[in-house]
Amino acid sequence: MKTTYREAIRAALADALEHDERVFLVGEDVGRYGGCFAVSLGLLEQFGPERIRDAPLSESAFVGAGIGAAMAGMRPIVEIMTVNFSLLALDQIMNNAASLLHMSGGQCAVPLVLRIPTGGGRQVAAQHSHSLEGWFAHIPGLRVVTPATLEDARGMLATALDDPDPVLIFEHASLYPMTGELADDAGAVDLDNAVIRRGGTDISLITYGGTLPMTLEAADKLQDAGVDAEVVDLRTLRPLDEKTVLESVARTHRAVIVDEGWRSGSISAEISARITESVFYELDAPVARVCSAEVPMPYARQLEQAALPSVERIVAAAREVVGTHG
Amino acid sequence: MKTTYREAIRAALADALEHDERVFLVGEDVGRYGGCFAVSLGLLEQFGPERIRDAPLSESAFVGAGIGAAMAGMRPIVEIMTVNFSLLALDQIMNNAASLLHMSGGQCAVPLVLRIPTGGGRQVAAQHSHSLEGWFAHIPGLRVVTPATLEDARGMLATALDDPDPVLIFEHASLYPMTGELADDAGAVDLDNAVIRRGGTDISLITYGGTLPMTLEAADKLQDAGVDAEVVDLRTLRPLDEKTVLESVARTHRAVIVDEGWRSGSISAEISARITESVFYELDAPVARVCSAEVPMPYARQLEQAALPSVERIVAAAREVVGTHG
Amino acid sequence: MTTTVDATRMLDRDRGLDLLRQMTLIRRFEEKCVELYSSGTIRGFVHLYIGEEAIAAGAMRALTTEDAIVSTYREHGHALARGIPARAVMAEMFGKVEGCSGGRGGSMHLFDLDTRFYGGNAIVAGGLPLALGLALADSMKGRKAVTACFFGDGAVAEGEFHEALNLAALWGLPVLFLCENNLYAMGTALDRAQAQTDLALRASSYEMPAWSVDGMDVLAVEDATRAAAEAVRAGGGPHFLELRTYRFRAHSLYDPDRYRQKDEIRQWVQRDPLSALKERMQAEDRLTDDDVAAIEQDVTAEVADAVEYAKAGHEEPVTSLTRWVYSDDGARP
Amino acid sequence: MTTTVDATRMLDRDRGLDLLRQMTLIRRFEEKCVELYSSGTIRGFVHLYIGEEAIAAGAMRALTTEDAIVSTYREHGHALARGIPARAVMAEMFGKVEGCSGGRGGSMHLFDLDTRFYGGNAIVAGGLPLALGLALADSMKGRKAVTACFFGDGAVAEGEFHEALNLAALWGLPVLFLCENNLYAMGTALDRAQAQTDLALRASSYEMPAWSVDGMDVLAVEDATRAAAEAVRAGGGPHFLELRTYRFRAHSLYDPDRYRQKDEIRQWVQRDPLSALKERMQAEDRLTDDDVAAIEQDVTAEVADAVEYAKAGHEEPVTSLTRWVYSDDGARP
Ligand SMILES: Cc1ncc(C[n+]2csc(CCOP(=O)(O)OP(=O)(O)O)c2C)c(N)n1
Ligand SMILES: Cc1ncc(C[n+]2csc(CCOP(=O)(O)OP(=O)(O)O)c2C)c(N)n1
Ligand SMILES: [Mg+2]
Ligand SMILES: [Mg+2]
């Protein structure tokens, strides 16, 4: 069936709401408005205001309420309109959602799902263009996933709802219109493994979320330049599927990490560090990174484009690493 | 003169308040109570309630007020009682303090100083033991410093106040009672350079803040074991003084990074990544890290001690890297 | 209590013409923005002020150049009424170096320190704490300035609203809170967001003088703002005005506006602040058709000029991408 | 309005003895904690409830086992009064596996899901949003439960307080907010933190029934809590009680308590809730010296037993350090 990333998530939401009465959706404008990215459009009519709950502008309160409801046996899906506003709920996320299970000696599990649109590229400037998913992955107790395909958009929610612990699903806003074929019986997918989206022998391009499409495109361009690149989609940023990444690098002996986060202290640094720690002697060249420039996102188009990862920057970095400047 | 880390900071505060009328201190219990770590004890009596301002429990409001006052030409020093509560002000820190200068095309500089006690080790459990200074260093627009000596405790504040941009000073709570000699004329110190606290030829131990003392102790232990370790104190986590770190590693060809932050996505990962990117061919062994276990801090003493970096763990990691298990 | 217009001032034709021109400029400027957005010249988020012009025009006329302004992402009207040249605002929408934020802010982040316009802020309620600080700085420096802080009804639910109003009242800061209550926060109606829908009552629970004003009546807005600002300036501590208004367009140029009844919109459009002022002036023989035509011509020319200026502006080279992340490169004031 | 004690109920001797025993247990338990803290057996932060016992004892007696509790870091009294065994609480203070949080929480994080005690929370106001969620879950599941949420006067300044009260009222959630107003947030007196010092008035601005209660009168607390809880249970939406009290000791065992007048403390100590109840019962011939002696003996034995139990408890091996970070290792309920 032909569908979009947006529709795939909506279908996953409808599924969950239909098959599990403990599930409900809460967030700003998820109901009457239909979601600021139209993801939940129509769900209010289908499931009613009890289960599709519009919340006031109170990020900390409704995220915390989701945590409390999860502790009491519900399976809340809380949407934070965009990651840019998640900072207002960070205390609830780190000090409660991520800590309660441990603080209570295993009593208070928090089966909460947070859906958080993320990413830049739409010229909405410094306060509305954050890519913080890799940053959230620093927090023990959380599971952080980044669907980058229609299958994952359709399948990660169900698995996240089955997880007894808090799962943050970061949806890159640029992916919502992504269109493609999806199996009619597409369903739950695992959240444990990174996946090799494209096999290759010369270099491993490691990425996730919003930058997967451009990384695949870069791999094609590299092919033309005689570089056979493997593309690894991390899918889950916490806990990292180190094994798949390390095995890929051990095969290709070279790696470039593509990450929309600001470079310093990004998840790309963690991956680079782990590669060095585990397969150092397999490396034929230093691990390289293609990240966002360390700047609050500027509005002007040419500046924003220069700040973000791009096919050109990925290709250049990869060629540098394989040493083929042909 | 004999003094403590706590007194050195208090002296720096008194100095600044005395010599610059634009300077004032605001935070929870900084006045009447004297600061929850007694750092500002006596300042209210000396400078009055206009300049030593007790704030209600409203982290977002008084941090934001500090930003606004800085924009209007004051030099506010805002104390967040501990880093554990800084999450409540993170929106103001990232979306305003760090972004306003850029968003305004260079018009709105924010000469704000945030003082933030940080760190674990006192058995105050999951919500009161965070070490997030390395995590804050991910944010462009901020300067993040971590005084680990009496000289830096005394001298970093003045330089931070001279900085036209926001500076976060993270004071590790375990350092407050640290006692030692300080020159009577001790004053401002630079915030640009990492410093080699102990010269060595076999391996570089790279650390900052609360873990500097144990790292120096570990270096002594290693000396006894025939390993001559160099100890680099980063001092500033953003922007990183890459040069000093890379030069040290280029000399010793081996590195262990010691960081109290949770391992995944910590600043130690960034340093490891930069070492690989820049001096890969100088490395005789993979870079190693000694960080905190990825767990919300447990209360029980033996568990907390096991979660934190320690002299033993540093020594073991260093010996592993130099391959001398003698 | 609702303020009533002092009739004697209505007799002032210049005042009426000034306000009419200001509101018309904002209206035509934004209509042009819609065009330019459709043609792809202006990008990002654009939040129109159409229907709410009386607030910016009336409030700014009651403030002095010493006063400071904190605004939101719906701030074209505030910026223009404060006196930021239409050229600089339009160039910002184009992302040009000549823009009031050097092209780095865009529609949601208009800044101009010459007029003490401390920017559009795109985090709902994020500007309130900044306003406290600006006011605190002014009072510590002995300036008699007022910090006027604009925000919407939706911001009232945020924790920062509560923290800021409490702190402003507690410290007696010279802040004038101007709440533009247009009855909706995106698709969420006021009564679906607030347990207490009387926002002036909400504010007065902080022991701060607060009252509601007809935000469609530019004269009422100016008078109320002047009265409140004078009280603040006189040391009366923070004051709060709820300005009752309505946005005639969708939340942003992204928004299909599915959540409002066409009837409701129609009724409010009948209270268009521009028409209201015109009718009032005409009824009192203070406005001729020629006046209206002159204003329209004048404003249309100003907007056209702004567009030309913006078109002719320069794109910042990507080589200076990381400029202004830190002040080292010259921003130090 | 302040509730008055219904005299007929005062005649119930068992009720008086029960409340007296409960308050005495909390008092002696904490006095023992001070000893153990000085000797280094108990570590970390310890916030004493001494002086405030009437609130925990009275409120918990008015709640049912179906109800849920959300507490703060000053929660020894809440935990004991809710029925968590002194043994489990003391073992937690010792950091032993047998502790009610497995030794991972300590004094500030006592948890017991068997009694629906959802924990001490050490972030001021951090528990309020959790209470909304518990209440929402109970109401969606059709349970007639009330979520009782304790917090201090200092929490009222936090943004989360505002967001939580608004949301609870807006959604009509079955939450009973119990504000323990002991006049200080660490060293900051109420009137130096709140522009609105009448906390019940502050709460009622959210259109929620709210009243103040003498928190030193255990009977008044129980009656008021019962009345409010019944109203909530009956579908009356959230209610708020301001419980006026005072902590006899410093904020924590770290605090030198420089900011309070000795006189003020002395006056409040004269209103010690334990003595107050004793005197009242004695005046009505409902209490003999033997009763008091029996309670003291009984409680002392319980505390001693708790200490023995805690001492005999086990330390979790460091090999299981990362247990409970995720549920995989068995926590899934
Ligand atoms: C903290 C935060 N949450 C969510 C948003 C997304 N958002 C932008 S405007 C808006 C509605 C604000 O409504 P209101 O305050 O009434 O202002 P109006 O748009 O009506 O002028 C929302 C939800 C945001 N910008 N900031
Ligand atoms: C968000 C946050 N800020 C600061 C602190 C530090 N702190 C712990 S208790 C406390 C005072 C709280 O006072 P109140 O709410 O009145 O409760 P009480 O201690 O009087 O029972 C403070 C400031 C904290 N734990 N959380
Ligand atoms: Mg609105
Ligand atoms: Mg208190």
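All chains are named by letter (A, B, ...) in the order of the sequence lines, taking the proteins before the strands, and each is independently numbered beginning at 1.
Legend: residues meeting side chain to side chain donor-acceptor pair (under 3.5 Å) with D91(B), ordered by chain and number and at least two apart, are N95(B).
With a threshold of 4.5 angstrom between heavy atoms, P239(B) does not approach chain A through any atom at all. Proximity to chain B (any heavy atom under 4.5 Å) is shown, for R263(A), by both the backbone and the side chain. Heavy atoms closer than 4.5 Å to chain B are found nowhere in H128(A), neither backbone nor side chain.
We find the CG-CD distance between N96(B) and Q127(A) to be 5.5 Å, quoted to the nearest 0.5 Å. Between atom OG of residue S264(B) and atom CD of residue E242(A) there is a gap of 8.5 Å, rounded to the nearest 0.5 Å. Going from atom CG of L88(A) over to atom OG of S60(B) covers 6.5 Å, rounded to the nearest 0.5 Å. Taking NE2 of H102(B) as the start and CG of L303(A) as the end, the distance is 7.0 Å to the nearest 0.5 Å. Taking CE from M94(A) and CH2 from W135(B), the interatomic distance works out to 3.5 Å, rounded to the nearest 0.5 Å.
Shortest non-hydrogen contact noted between A126(B) and M103(A) is CB-CG, 3.4 Å.
Residues of residues 267-285 of chain B lying under 4.5 angstrom from chain A, judged on non-hydrogen atoms, are A269(B), E270(B), S272(B), A273(B), R274(B), T276(B), E277(B), F280(B), Y281(B), L283(B), D284(B), A285(B) by number. Using a 4.5 Å heavy-atom cut-off against chain B, the contacting residues of residues 288-297 of chain A are R289(A), E294(A), V295(A), P296(A), M297(A). Taking non-hydrogen atoms and a 4.5 Å limit, the residue list of residues 253-260 of chain B in contact with chain A is empty.
Annotation: maximal heavy-atom pairing with chain B below 4.5 Å, among L240(A), L87(A), I139(A), occurs at L87(A). For the options P286(A), A137(A), G105(A), G265(A), heavy-atom pairs under 4.5 Å to chain B are most numerous at P286(A). Looking only at heavy-atom pairs under 4.5 Å with chain B, the residue among L237(A), N84(A), V287(A) that has the most is V287(A). Residue with the most contacts toward chain B among P298(A), A98(A), A125(A): P298(A) (heavy-atom pairs, distance under 4.5 Å).
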